[in-house]
Amino acid sequence: MPMPKAEAPAAVDDATFEVPRHVAIIMDGNGRWASARGLPRTEGHRRGVEALRKTVRAAGDMGIGVLTIFSFSSENWSRPPAEVRDLMGLLKLFIRHDLAELHRSNVRVRVIGEREGLAPDIRRLLEEAEELTRDNNGLILIVAFNYGARQEIARAAQKLAADVLAGNMPIEGITAEALGRNLDAADLPDPDLIIRTSGEQRLSNFLLWQAAYSELVFVPTYWPDFDRATLEGAIAEYRRRERRFGGLVARTGS
Ligand code: IPE
Ligand code: IPE
Ligand code: MG
């Protein structure tokens, strides 16, 4: 009589590895990466784009639902004009060079931040990226460009104030939930994990509202050296955290 087949062990493959739904990254340290090598800062930014490509691929492979990347802050305009030009040029290059590939990989691109004040060609490219990929249902890549959280919150407050002024809403309608609903990517979950590279330990006006209960992981790696292993390390750290959301029940990550 044939032996009954042994019960297969529960699958513990990569596909079932628990990952946070939403990871946000402050990509910092391009300039210092370059300086440490005697290279111009622009070379650090160029290498940073390569790290971004790899990270988007890794995030998709790992089954992360939403990846938000901080590409250019509202305050980065205060850098020398040549560096601002470089950073704008790199965004254009990234979209022109990578959009087709992102689309093929089923990535949906969304952009948060202030569109006003951006050069028309940049605005067109951002719109094109969103338009082309709008029906994709793989990784959602949120590009925070010309983004500042305080400005985003102020814009949301303006929308609510306009509703009150128009008589469409009582002043009591201005609640935390209502404000949250008027932020740039309000339909998506808050980040579970925010990673900042380069050893700096601050948010620099990134997702201040949405970060209320995010786990923060700071890694010493300069952004151009960030790769799949660094991402996995940060997620492993996240999984060791206990998320309580103000209650008493500890919830591990994800
Ligand atoms: C991050 O690297 C890229 C942007 C802020 C656009 P930095 O340019 O801030 O590099 P460091 O912090 O000066 O090393
Ligand atoms: C935050 O980095 C902005 C981006 C990564 C786009 P910064 O380098 O601008 O932040 P600070 O000035 O060190 O706080
Ligand atoms: Mg920096």
Side-chain angles (χ1 to χ4, degrees), residues 22-56 59 66-98 109-119 122-123 125-126 129 141-155 183-185 191 193-211 214-227 230-231 234:
H22 183 173
V23 176
I25 307 184
I26 303 173
M27 310 183 290
D28 197 16
N30 293 351
R32 279 164 285 163
W33 180 93
S35 301
R37 287 161 179 77
L39 298 168
R41 290 177 61 86
T42 176
E43 185 58 19
H45 296 314
R46 208 183 57 75
R47 293 292 295 264
V49 174
E50 285 171 27
L52 173 59
R53 267 182 204 125
K54 284 190 255 169
T55 303
V56 171
V66 185
L67 176 69
T68 298
I69 49 154
F70 202 5
S71 307
F72 190 86
S73 79
S74 308
E75 289 75 34
N76 286 147
W77 294 105
S78 65
R79 296 189 178 195
E83 173 147 353
V84 171
R85 263 199 307 278
D86 265 358
L87 291 167
M88 296 289 151
L90 277 173
L91 176 86
K92 286 195 252 184
L93 198 74
F94 175 66
I95 295 183
R96 288 202 183 113
H97 185 275
D98 289 56
V109 180
R110 306 255 310 246
V111 181
I112 59 172
E114 188 65 72
R115 306 280 171 109
E116 308 281 313
L118 291 176
I122 299 240
R123 283 174 74 152
L125 276 174
L126 295 175
L141 176 65
I142 305 185
V143 181
F145 195 79
N146 194 20
Y147 175 86
R150 289 176 167 181
Q151 292 83 342
E152 180 190 33
I153 294 166
R155 267 187 279 119
L183 296 174
D184 289 351
L193 165 63
I194 298 180
I195 302 168
R196 182 169 188 148
T197 60
S198 89
E200 304 297 353
Q201 302 195 357
R202 56 178 172 267
L203 288 174
S204 301
N205 203 15
F206 186 50
L207 301 179
L208 299 181
W209 183 278
Q210 299 87 336
S214 303
E215 295 298 327
L216 310 181
V217 171
F218 300 102
V219 298
T221 315
Y222 290 145
W223 175 250
D225 289 330
F226 193 90
D227 59 11
T230 333
L231 178 61

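Counting starts at 1 for both ligands and their atoms, in listed order.
- Put simply, no part of S198 is less than 4.0 Å from ligand 1, judged by heavy atoms.
- Distances below 4.0 Å separate heavy atoms of L87 from the following atoms of ligand 1: 6 (C).
- Which parts of ligand 2 touch F72 is read off a 4.0 Å heavy-atom cut-off, strictly below it: atoms 6 (C).
- A donor-acceptor pair shorter than 3.5 Å cannot be found between the side chains of E43 and N30.
- The Mg ion (ligand 3) lies closest to atom OD1 when only the N/O/S atoms of D28 are considered.
- Defined by atom type and a distance below 3.5 Å, a donor-acceptor pair is present between the side-chain atoms of R32 and S198.
- The N/O atoms of N30, backbone and side chain alike, include one that comes under 3.5 Å of an N/O atom in ligand 1.
- In terms of polar-atom proximity, S71 is not counted as a contact of ligand 2, lacking any N or O under 3.5 Å from an N or O of the ligand.
- The closest side-chain donor-acceptor pair between D28 and T197, if any, does not fall under 3.5 angstrom.
- Taking every non-hydrogen atom of R32 and a distance limit under 4.0 Å, the qualifying atoms of ligand 1 come out as 11 (P), 12 (O), 14 (O).
- Scanning all protein heavy atoms for the shortest distance to atom 9 (O) of ligand 2 gives N76 ND2, 2.9 Å.
- For ligand 2, the atoms closer than 4.0 angstrom to any heavy atom of R202 are 11 (P), 13 (O), 14 (O).
- The R41 neighbourhood of ligand 1 comprises atoms 7 (P), 8 (O), 10 (O), 13 (O), with distances under 4.0 Å to a heavy atom of that residue.
- Heavy atoms of R196 come nearer than 4.0 angstrom to ligand 2 in at least one pair.
- Between the side chains of R150 and S74, not a single donor N or O lies within less than 3.5 Å of an accepting N or O.
- Counting only heavy atoms from C-beta outward, the side chains of I195 and I26 never approach each other to under 4.5 Å.
- For ligand 2, none of its N or O atoms has an N or O atom of S73 under 3.5 Å away.
- R196 contributes a side-chain N or O that, together with a main-chain N or O of R202, makes up a donor-acceptor pair within less than 3.5 Å.
- E83 and H45 share a side-chain donor-acceptor pair at under 3.5 Å.
- Backbone and side-chain nitrogen or oxygen atoms of G31 are examined, and one is located within less than 3.5 angstrom of a nitrogen or oxygen of ligand 1.
- H45 counts as a contact of ligand 1, since one of its heavy atoms falls under 4.0 Å from the ligand.
- Residue-to-ligand polar distances place R79 within reach of ligand 1: an N/O pair is separated by less than 3.5 Å.
- With a heavy-atom cut-off of 4.0 Å, M27 touches ligand 2 through its backbone alone.
- The Mg ion (ligand 3) does not have E200 among its coordinating residues (no N/O/S atom, backbone or side chain, under 2.8 Å).
- Between L216 atom CG and L193 atom CG the span is 8.5 Å, to the nearest 0.5 Å.
- Checked by atom type, the side-chain pair Y147/E152 shows a donor-acceptor distance below 3.5 Å.
- In this structure, R79 forms no cation-pi arrangement with W77, as its terminal cationic atom is not both closer than 6.0 Å to the ring centre and no more than 45° off the ring axis.
- With atom 3 (C) of ligand 2 as the reference point, the heavy atom nearest to it among F70, Y147, F206 is part of F70.
- Atom CG in D184 sits 8.5 Å away from atom CZ in R115 (nearest 0.5 Å).
- Remark: minimum distance from atom 14 (O) of ligand 2 to any protein heavy atom is reached at S204 OG, 2.6 Å.
- The only option from H22, Q210, R110 that meets the side-chain contact (heavy atoms from CB on, under 4.5 Å) definition with T68 turns out to be H22.
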